[in-house]
A.B. asks: 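Here's a structure for you.
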Amino acid sequence: MTNSLCHLLAYLAGHGHEAMVVAPDPGPPSYAGFPVHRTPAFRLPFYRSFRVGVPSGAIRRSIGKFRPDVVHLASPTVLGAAGLTAALRLGVPAVAVFQTDLAGFARQYGLRGTDRLIWSWLRHIHGRAALTLAPSTATIEQLRGHGIPRLSLWGRGVDLDRFHPRHRSEALRSELAPAGEVVVGYVGRLAADKRVHLLAKLDGLPGTRLVIVGDGPAEPRLRRLLPRAVFCGLRTGADLSRILASFDVFVHTGRDETYCQAVQEALATGVPVVAAAAGGPLDLVRPGGNGLLYPPDDPTEMRRAVAALVDDPAARRRMGAQARASVLGRSWPALCGELLALYRSVTGSTTPAQARPTGSPA
């Protein structure tokens with residue numbers, strides 16, 4: 001299940017609502033006290049950690065038995081599409097969440113010429129939903145341009161306690177940068193769709209130590225490109241909070257981000273961000289305020305932006321303070337409250353009692 005779905009379930013449980021989940025294997029049989037119905041899943045051959053749930057007749061039966069007020073489709077493509085069909089047959093409104101640019105994802109993995117097919121399928125799915133939620137204004141415009149109707153903006157929340165400047169660790173910084181270098185960090189999947197190879201442009205930047213957190217299929221190549229970088233592997237929980245808060249500059253290379261939660265978490269820890277001027281970061285990064293943006297296909301400008309912050313400690317401190325302030329209104333409870341209001345808008349109810357999320361990433 002996605003991080004946003006887990007926060008939503010915890011919120012529903014805490015506010016007296018009922019829910020059930022259909023999600024691909026493997027995973028726990030329940031979450032936040034709600035049952036999780038598992039479906040078979042297969043892995044994409046070119047990205048083994050990405051699982052696609054296989055629909056079955058059990059989806060419609062489980063929805064019919066539960067009798068929800070609304071069906072929440074988390075990034076519907078295959079399993080979510082089956083959930084949508086079941087909801088329509090039962091006369092239940094469905095809210096579809098668009099959170100992955102599948103056409104952009106396919107292009108990054110060499111599947112050229114698939115845009116028309118992918119967008120045709122997405123129009124078929126989202127065109128039948130009562131409402132499609134997009135996480136950023138750039139994504140709203142993208143969906144509108146591809147003929148997706150009934151759009152509304154719904155961003156992502158951030159855990160303001162877990163991601164906080166107080167987790168900064170001087171001891172950890174001494175391990176990562178023993179010569180006192182400025183710590184420039186990346187957190188995210190190490191995969192082609194994140195364009196992590198662009199981080200090689202930062203190799204040898206004077207006075208810096210590049211720290212990379214995450215794993216994925218691009219890691220072996222990235223290690224060859226960046227022999228002087230520190231690779232921390234996948235980190236979660238308090239360990240991730242401590243590493244992220246110990247950065248001086250956060251850099252992100254993705255171009256097809258519908259939101260970019262990693263950028264938001266960096267901002268919450270009080271770290272200025274350098275990101276590509278495309279997609280979700282356009283809503284999150286205020287150039288000269290809490291970070292800097294660079295033309296998405298110009299890694300030389302990315303290096304210049306990082307270098308500008310490396311060379312100006314006062315600017316880093318000022319932008320770091322503004323970074324934290326810029327996300328204070330984006331807590332998960334606040335965002336989940338917004339989502340409940342959107343549910344009400346499609347159910348016509350003032351107090352929807354039951355939600356049935358489909359937790360499939362595909």
A.B. asks: Between R324 (side chain only) and L160 (backbone N and O only), is there a donor and an acceptor less than 3.5 Å apart?
C.D. replies: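 Yes, because the side chain of R324 sits within donor-acceptor range (under 3.5 Å) of the backbone of L160.
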A.B. asks: Regarding S136 and D283, is there a side-chain donor-to-acceptor distance under 3.5 Å anywhere?
C.D. replies: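 No pair is found: no donor N or O on one side chain lies under 3.5 Å from an acceptor on the other.
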A.B. asks: State which residues pass side chain to side chain contact (heavy atoms under 4.5 Å, CB included) with P29; sequence neighbours excluded, sorted by chain then number.
C.D. replies: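 Per chain and number, P29 pairs via side chain to side chain contact (heavy atoms under 4.5 Å, CB included) with no residue.
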A.B. asks: Could you give me the CA-CA distance, side-chain angles and deciding distance for H197 and T253, then say whether side-chain contact (heavy atoms from CB on, under 4.5 Å) is met?
C.D. replies: CA-CA 9 Å; H197 65 280; T253 52; over 6 Å; no
A.B. asks: Tell me if a side-chain donor or acceptor on E181 pairs with a main-chain N or O of A179 at a distance below 3.5 Å.
C.D. replies: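 Yes, because the side chain of E181 sits within donor-acceptor range (under 3.5 Å) of the backbone of A179.
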A.B. asks: Not counting sequence neighbours, which residues clear salt bridge (Lys or Arg N to Asp or Glu O under 4.0 Å) with D239? List them please.
C.D. replies: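 Partners of D239 by the salt bridge (Lys or Arg N to Asp or Glu O under 4.0 Å) criterion, ordered by chain and then number, come out as R235, R242.
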A.B. asks: I'd like to know if the side chain of H167 and the backbone of R162 have a donor-acceptor N/O pair within less than 3.5 Å.
C.D. replies: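 A pair under 3.5 Å: yes.
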A.B. asks: With a 4.0 Å cut-off on N to O distance, would you call R209 and D248 a salt bridge?
C.D. replies: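 A salt bridge is absent here (no side-chain N lies under 4.0 Å from a carboxylate O).
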A.B. asks: Applying side chain to side chain contact (heavy atoms under 4.5 Å, CB included), name anything that partners S152, two or more places apart in sequence or on another chain.
C.D. replies: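 Checked S152 against side chain to side chain contact (heavy atoms under 4.5 Å, CB included); matches are L131, L133, L342.
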A.B. asks: R156 side chain to Q264 main-chain N or O, any donor-acceptor pair under 3.5 Å?
C.D. replies: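 It does not hold such a pair.
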A.B. asks: To the nearest 0.5 angstrom, please state how far the CG atom of L292 sits from the CG atom of L309.
C.D. replies: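 The distance works out to 4.5 Å.
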A.B. asks: Is the closest side-chain donor-acceptor distance between S62 and H37 under 3.5 Å?
C.D. replies: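 Distance-only check fails for S62 and H37.
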A.B. asks: Test your reading of the model: is there a side-chain donor-acceptor pair from T139 to the backbone of T258, 3.5 Å cut-off?
C.D. replies: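 Confirmed, T139 side chain pairs with T258 backbone.
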A.B. asks: Test of understanding: clusters of I, L, V, M, F, W, Y form through side-chain heavy atoms closer than 4.5 Å, transitively. Do L335 and Y259 belong to the same one?
C.D. replies: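 Different clusters: L335 never reaches Y259 through Ile, Leu, Val, Met, Phe, Trp or Tyr contacts under 4.5 Å.
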A.B. asks: Under the side chain to side chain contact (heavy atoms under 4.5 Å, CB included) test against F250, which residue among L244, V306, V184, V274 passes?
C.D. replies: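 It is L244; the other options fail the test.
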A.B. asks: Does the side chain of D203 come within less than 4.5 Å of L210's, by heavy atoms?
C.D. replies: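 Of all side-chain heavy-atom pairs linking D203 with L210, none is under 4.5 Å.
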A.B. asks: Sequence neighbours left out, what passes ring-ring contact (aromatic ring centres under 6.0 Å, His included) with F163? Give chain and number order.
C.D. replies: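 Result, ring-ring contact (aromatic ring centres under 6.0 Å, His included) vs F163: none returned.
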A.B. asks: Determine whether N3 and Q261 make a side-chain contact, defined as any pair of heavy atoms from C-beta on separated by less than 4.5 Å.
C.D. replies: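 When only atoms from C-beta onward are counted, Q261 and N3 do touch, with a gap below 4.5 Å.
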A.B. asks: By ring-ring contact (aromatic ring centres under 6.0 Å, His included), which residues pair with F247, not counting sequence neighbours?
C.D. replies: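 For F247, no residue satisfies ring-ring contact (aromatic ring centres under 6.0 Å, His included) once neighbours in sequence are set aside.
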A.B. asks: State whether a side-chain donor-acceptor pair under 3.5 Å links D69 with T347.
C.D. replies: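 Side-chain D/A pair, D69 to T347: absent.
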A.B. asks: Check side chain to side chain contact (heavy atoms under 4.5 Å, CB included) between R318 and all other residues, then give those that pass, not counting sequence neighbours.
C.D. replies: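 So R318 forms a side chain to side chain contact (heavy atoms under 4.5 Å, CB included) with A315, Q322.
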A.B. asks: With side chains defined as the heavy atoms from C-beta onward, is the minimum distance between Y31 and L5 less than 4.5 Å?
C.D. replies: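 Result no, sub-4.5 Å side-chain heavy-atom pair not found.
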A.B. asks: Run the side chain to side chain donor-acceptor pair (under 3.5 Å) test against R150 and tell me which residues pass, sequence neighbours left out.
C.D. replies: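 If we apply the side chain to side chain donor-acceptor pair (under 3.5 Å) test to R150, skipping adjacent residues, there are no hits.
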A.B. asks: Please check if the side chain of H126 supplies one atom and the backbone of L122 the other of a donor-acceptor pair under 3.5 Å.
C.D. replies: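 Answer holds: no.
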A.B. asks: To the nearest 0.5 Å, how far apart are CZ in R303 and CG in L199?
C.D. replies: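 The CZ atom of R303 sits 12.5 Å away from the CG atom of L199.
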A.B. asks: Taking side chain to side chain donor-acceptor pair (under 3.5 Å) as the definition, give me every residue that meets it alongside D159, ordered by chain and number, with sequence neighbours left out.
C.D. replies: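 For D159 there are no side chain to side chain donor-acceptor pair (under 3.5 Å) partners, ignoring immediate neighbours.
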A.B. asks: List in chain and number order the residues that pass side chain to side chain contact (heavy atoms under 4.5 Å, CB included) with A94, two or more places apart in sequence or in another chain; answer none if no residue qualifies.
C.D. replies: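 Residues passing side chain to side chain contact (heavy atoms under 4.5 Å, CB included) with A94: V71, L73, L84, A87.
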A.B. asks: Taking only residues two or more places apart in sequence, or in another chain, which ones meet R128 in a salt bridge (Lys or Arg N to Asp or Glu O under 4.0 Å)?
C.D. replies: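 In terms of salt bridge (Lys or Arg N to Asp or Glu O under 4.0 Å), with neighbours along the sequence ignored, R128 is linked to no residue.
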A.B. asks: Indicate if Y294 and V182 have the same hydrophobic cluster label, given that clusters are the connected sets of ILVMFWY residues with side-chain heavy-atom separations under 4.5 angstrom.
C.D. replies: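 Same cluster: Y294 reaches V182 through Ile, Leu, Val, Met, Phe, Trp or Tyr contacts under 4.5 Å.
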A.B. asks: Not counting sequence neighbours, which residues clear ring-ring contact (aromatic ring centres under 6.0 Å, His included) with H124? List them please.
C.D. replies: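 H124 satisfies ring-ring contact (aromatic ring centres under 6.0 Å, His included) with W121 once adjacent residues are dropped.
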A.B. asks: Establish whether V183 and L222 are linked, either directly or via other cluster members, by ILVMFWY side-chain heavy-atom contacts under 4.5 Å.
C.D. replies: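 Cluster IDs for V183 and L222 differ.
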A.B. asks: I need the L282 CG to E141 CD distance, nearest 0.5 Å.
C.D. replies: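 So the gap between those two atoms works out to 11.5 Å.
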A.B. asks: Closer than 3.5 angstrom, by distance alone: can the side chain of D312 be matched with the main-chain N or O of A308 as a donor-acceptor pair?
C.D. replies: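 No, D312 side chain to A308 backbone: no donor-acceptor pair under 3.5 Å.
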A.B. asks: Side-chain heavy atoms nearer than 4.5 Å, only ILVMFWY residues, links allowed to pass through others: does that put V230 and L240 together?
C.D. replies: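 Yes, same cluster.
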A.B. asks: Mind checking ring-ring contact (aromatic ring centres under 6.0 Å, His included) for W332 and listing every partner two or more places apart, or none if nothing turns up?
C.D. replies: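 H7.
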